[in-house]
Amino acid sequence: MSSTKPLELKLPTPGCYSDHERAGIGADAVFDGITEHLFFTLGKLAPTASLHDLYMALSYAVRDRLMTRYLASQEAIRAKPQKTVAYLSAEFLIGPQLNNNLLNLGIQKEAETALKRFGIQSLGHILEVEEEPGLGNGGLGRLAACYMESLASLQIPATGYGIRYEFGIFNQLIRDGWQVEVTDKWLKGGWPWELPQPDEACFVGFGGRTENYIDENGKYRSRWIPTEHAIGIPHDVPVLGYQVNTCNRLRLWRADATESFDFYAFNIGDYYGAVEEKVASETLSKVLYPNDGTDEGRRLRLKQQHFFVSCSLQDMLRSLEKRGIAIEEFSKHWTVQLNDTHPAIAVAEMMRLLIDHYHLEWEKAWEVTNSSVAYTNHTLLPEALEKWDLDLFSSLLPRHLELIYEINRRFLQQVRLRYPGNDLILRKLSIIDEDGGKAIRMAHLATIGAHHINGVASLHSDLIKRQLLPEFAALWPEKFTNVTNGVTPRRWVALANPELSKLLAEEVGTDWITNMELLTKLENKQLDKSFLEKFGAAKLSGKRKLAGYIHRQTGVLVDPASMFDVQVKRIHQYKRQHLNALQVIAQYLRIKNGKAQGMAPRTVIFGGKAAPGYFMAKLIIRFINGIAEMVNADPDMDGRLRVVFLPDYNVKLGEQVYPATDLSEQISTAGKEASGTGNMKFAMNGALTIGTLDGANIEIREQVGAENFFLFGKTESEIMKLRNNNYDPKSYIEALPELSEAIRLIELGHFSNGDTELFQPLLNSLTGNDPFFVMADFADYLRSQDNVSRAWQDREEWNRMSLINTARSGFFSSDRSIREYCESIWNVQPFPVEITCDVNSLTNSSNKLS
Ligand code: 26V
């Protein structure tokens with residue numbers, strides 16, 4: 001053997017993993033991928049693999065196929081820096097991942113073919129076993145997920161930043177008609193979609209004190225000496241766009257204990273003390289808080305907010321440092337969107353990092369912060385506006401409090417110049433609320449710190465300017481704008497409604513999936529009887545599937561030929577599920593009294609979770625179940641009325657519900673629902689809406705036409721007038737026998753096995769001050785429901801209206817919303833990613849140790 005011969009190293013061919021077997025997208029390659037992951041990743045043999053094993057193996061195989069695009073997308077930004085959207089949100093309700101990734105990769109068929117070779121006849125059997133991460137409460141979290149999908153599909157560089165809660169929103173059981181909450185252990189079977197990156201961990205402090213010191217250049221500086229620390233470990237979820245190379249990153253932080261701290265306790269023999277600190281830091285990302293406004297856990301919630309915001313900002317700053325970009329250039333590289341006020345501490349944290357760590361002057365730091373941050377408001381409800389008790393805040397974030405005082409001082413100085421001698425306005429605008437116990441108003445901090453503030457539907461954005469923040473709007477009219485919400489047509493139509501999608505593709509081609517406006521072409525078909533029948537048949541197919549699910553889950557048999565009348569959303573008094581329930585009682589009474597001529601046979605379906613501490617919402621669930629029990633057991637109701645409460649409404653269930661709905665209930669008190677997004681998902685899937693002039697309902701009605709929308713109820717200004725003019729709900733009850741009869745029946749315990757006490761709090765609210773004007777809107781609601789029944793008699797006409805709803809719903813694609821954010825708030829452009837065949841080598845070189 002010659003010792004002079006150089007070693008022949010067998011390096012992997014420098015090449016492209018998109019050509020690699022492991023990234024192959026044919027059915028054979030997917031089959032090999034499943035087999036290998038079963039064997040090597042899961043330690044299972046194909047013949048004994050369970051459905052869950054196959055789900056895991058297929059998911060890993062699909063994840064492999066995301067990696068080329070995912071790494072190429074990151075590499076592209078490193079090589080050619082682009083302004084990137086940082087979407088900061090305490091919630092990302094992303095839903096099941098497998099089918100969405102298959103769709104966006106374009107390999108649903110290939111996956112199904114591959115699965116057949118394992119004896120699985122339909123992809124659906126595998127999709128059923130997927131657990132969804134419930135990392136959000138409802139609309140706000142789901143919006144963040146739709147926006148992440150659209151950002152990637154539009155090829156906009158973006159990172160979502162949030163928290164990897166170990167326990168997401170609770171699972172809901174129904175026991176004796178009541179909601180029971182069960183911990184959501186979504187990680188128990190393993191979750192294949194995340195990539196932990198412990199080497200990119202960040203440190204975060206809490207508590208302690210601040211001190212002043214003089215630095216080496218003789219400058220006065222402040223620093224924060226926290227007493228408590230945690231580490232954030234990024235867990236990255238790839239977000240692939242629809243049939244593009246852009247694959248963005250959702251970076252969720254998991255809290256971990258710091259090593260250094262428990263060492264001290266450990267060395268002095270306090271092993272359990274050390275473990276306690278570890279447990280305390282890990283609690284940080286333990287659980288998602290339900291939005292019930294209860295005071296429980298407020299301290300931990302503020303810690304969660306600071307934790308994920310601090311990690312995220314450090315991550316963005318570090319990305320500039322890595323690329324040798326000056327910190328002053330931050331806003332050229334990042335645009336930071338605050339999804340409500342949950343991440344609003346970012347304004348103070350960014351100032352702290354820029355001033356205390358990067359030693360920028362105040363003015364420069366403020367310019368950088370203000371030109372980078374924008375804020376979206378998602379609610380006008382006073383109880384939902386975040387405020388932090390000053391003592392709590394200063395005990396956790398003393399340095400941030402100092403900075404907020406200084407931000408406030410400078411801001412109020414500006415206000416004084418504009419409104420000399422007006423003390424009232426200073427009190428109104430101040431970040432510090434001095435009425436009652438002192439508190440920090442997070443909406444004010446966000447509004448002052450941001451370059452733009454937007455509402456989420458046209459009416460809501462107007463109300464922000466007129467009612468919520470009028471003095472701010474007068475001060476900075478140019479900052480205030482609207483971006484009406486949208487939902488992704490990939491998940492909510494292409495994936496959830498394959499029958500309808502097939503029909504749409506036959507008519508307009510598949511381009512509607514990325515260009516929903518193309519659906520207006522369907523209007524040419526509105527007089528085509530055979531097309532309308534096919535459209536109706538697609539709906540019927542969705543209803544059959546849902547009927548099967550309802551039977552399996554609740555034991556109730558429902559007729560797919562009846563009208564599916566659906567209200568799914570969080571349970572809240574302002575959303576008025578009880579208005580719907582009362583209407584059901586009125587219909588029940590009509591049938592009982594032989595006055596139901598012309599009434600459409602209906603299956604009224606409810607679904608939604610109540611916050612655990614929200615008594616009235618839980619009572620509403622009990623109320624609906626009480627009605628369901630009576631109605632469904634009564635032979636007189638057979639073929640005419642059914643009532644169903646679907647337990648545990650979540651993204652996955654939503655995917656079954658939207659395609660199966662004929663009538664969408666959007667009945668909130670005008671002025672209360674900021675936008676709504678379920679309303680959009682229903683309309684896209686061809687449901688007709690019965691709704692008030694609230695949130696995005698107004699824009700839906702404008703788009704689909706007043707003749708294709710069932711309107712009822714008082715307007716926002718009429719509600720205001722009523723409120724100011726001694727509103728008396730009793731007068732409305734007395735004026736309408738159907739309403740007083742319904743209420744009498746509830747009082748008698750008819751829906752509570754004779755218990756006359758059970759629903760008393762609900763009745764007291766309705767007949768007392770009725771804060772959500774249920775009584776005032778009832779008569780008009782019933783009238784509108786009669787119109788619905790009438791319209792249902794002419795099925796061809798119904799299908800035509802339904803078709804028009806789908807055809808004109810393009811405006812509600814989240815692609816449109818994201819384009820508006822890009823143009824009017826973020827100033828970012830699409831950046832198509834090329835798959836160069838040296839993705840791997842380039843990525844390696846960027847990680848080289850210097
Ligand atoms: C929070 C809280 C917390 C305290 C007690 C009551 C309460 C009620 C509601 C909320 C939710 C606040 C933020 C939110 O989720 N807003 C929703 O955002 C959606 C996306 O923009 C929008 O479609 C919904 O209309 C809006 O309610």
Side-chain angles (χ1 to χ4, degrees), residues 25 65-66 69 73 99-112 145-156 158 239-248 484-526 528 530-532 534-535 537-539 541-542 655 658-659 677 680-687 700 703-704 802-823 829-835:
I25 53 171
R65 282 146 184 85
L66 301 179
R69 290 177 174 86
S73 299
N99 205 14
N100 203 170
N101 282 318
L102 289 172
L103 174 78
N104 287 9
L105 277 167
I107 60 167
Q108 282 172 307
K109 285 216 172 67
E110 288 74 5
E112 191 145 44
C146 282
Y147 281 2
M148 287 305 295
E149 201 277 346
S150 273
L151 280 161
S153 293
L154 293 170
Q155 308 183 77
I156 309 289
V239 182
L240 177 67
Y242 180 74
Q243 294 179 12
V244 290
N245 289 331
T246 303
C247 184
N248 286 327
T484 298
N485 283 167
V487 301
T488 170
R490 269 74 64 186
R491 182 177 291 270
W492 296 111
V493 186
L495 196 135
N497 200 342
E499 273 89 356
L500 176 62
S501 302
K502 192 163 158 269
L503 196 58
L504 300 181
E506 281 165 22
E507 275 320 303
V508 306
T510 51
D511 284 357
W512 66 269
I513 298 176
T514 46
N515 181 4
M516 287 278 280
E517 299 294 336
L518 287 176
L519 294 182
T520 53
K521 286 192 193 162
L522 292 171
E523 292 196 38
N524 300 331
K525 291 280 162 184
Q526 57 179 300
D528 180 337
S530 94
F531 185 79
L532 289 177
K534 281 197 243 167
F535 196 76
K539 179 67 73 183
S541 149
E655 288 173 17
Y658 295 110
T677 44
M680 302 169 184
K681 296 164 199 167
F682 280 119
M684 279 182 184
N685 283 284
I700 292 179
Q703 292 288 325
V704 306
S802 165
L803 175 69
I804 297 291
N805 266 265
T806 299
R808 299 185 187 163
S809 63
F811 181 78
F812 303 103
S813 163
S814 43
D815 296 347
R816 189 268 314 147
S817 314
I818 288 298
R819 283 198 188 96
E820 287 184 16
Y821 276 101
C822 288
E823 276 163 32
Q829 279 83 41
F831 176 56
V833 172
E834 265 181 64
I835 305 288

| field | Donor-acceptor under 3.5 Å (Thr488 side chain, Ser814 main chain) | value | no
| Carboxylate-amine/guanidinium contact Arg491 Glu149, below 4.0 Å | no
| Distance from Asn685 atom CG to Glu655 atom CD, nearest 0.5 Å? | 10.5 Å
| Does the Ser541 side chain pair with the main chain of Ala537, one donor and one acceptor, at a distance under 3.5 Å? | no
| request: State, with a plain yes or no, whether a side-chain heavy atom of Ile804 is found less than 4.5 Å away from one of Glu523. | output: yes
| said: Can a donor-acceptor pair be found, under 3.5 Å and without considering hydrogens, that links the side chain of Ser73 to the backbone of Cys247? | reply: yes
| request: Considering non-hydrogen atoms only, spot the tightest contact between Ser150 and Ile818 and give its length. | output: CB-CG1, 3.7 Å
| field | Side-chain heavy atoms of Thr677 within contact of Lys681, under 4.5 Å | value | yes
| Minimum side-chain heavy-atom gap Ile513-Arg490 below 4.5 Å | yes
| field | Asn485 side chain to Ser817 backbone, donor-acceptor under 3.5 Å | value | no
| Counting N and O atoms only, with roles assigned by atom type, does the side chain of Ser802 sit under 3.5 Å from a partner on the main chain of Gly686, one being a donor and the other an acceptor? | yes
| field | Met516 side chain reached by Ser809 side chain, heavy atoms, under 4.5 Å | value | yes
| Can you tell me if Asn245 and Glu834 form a side-chain donor-acceptor pair at under 3.5 Å? | no
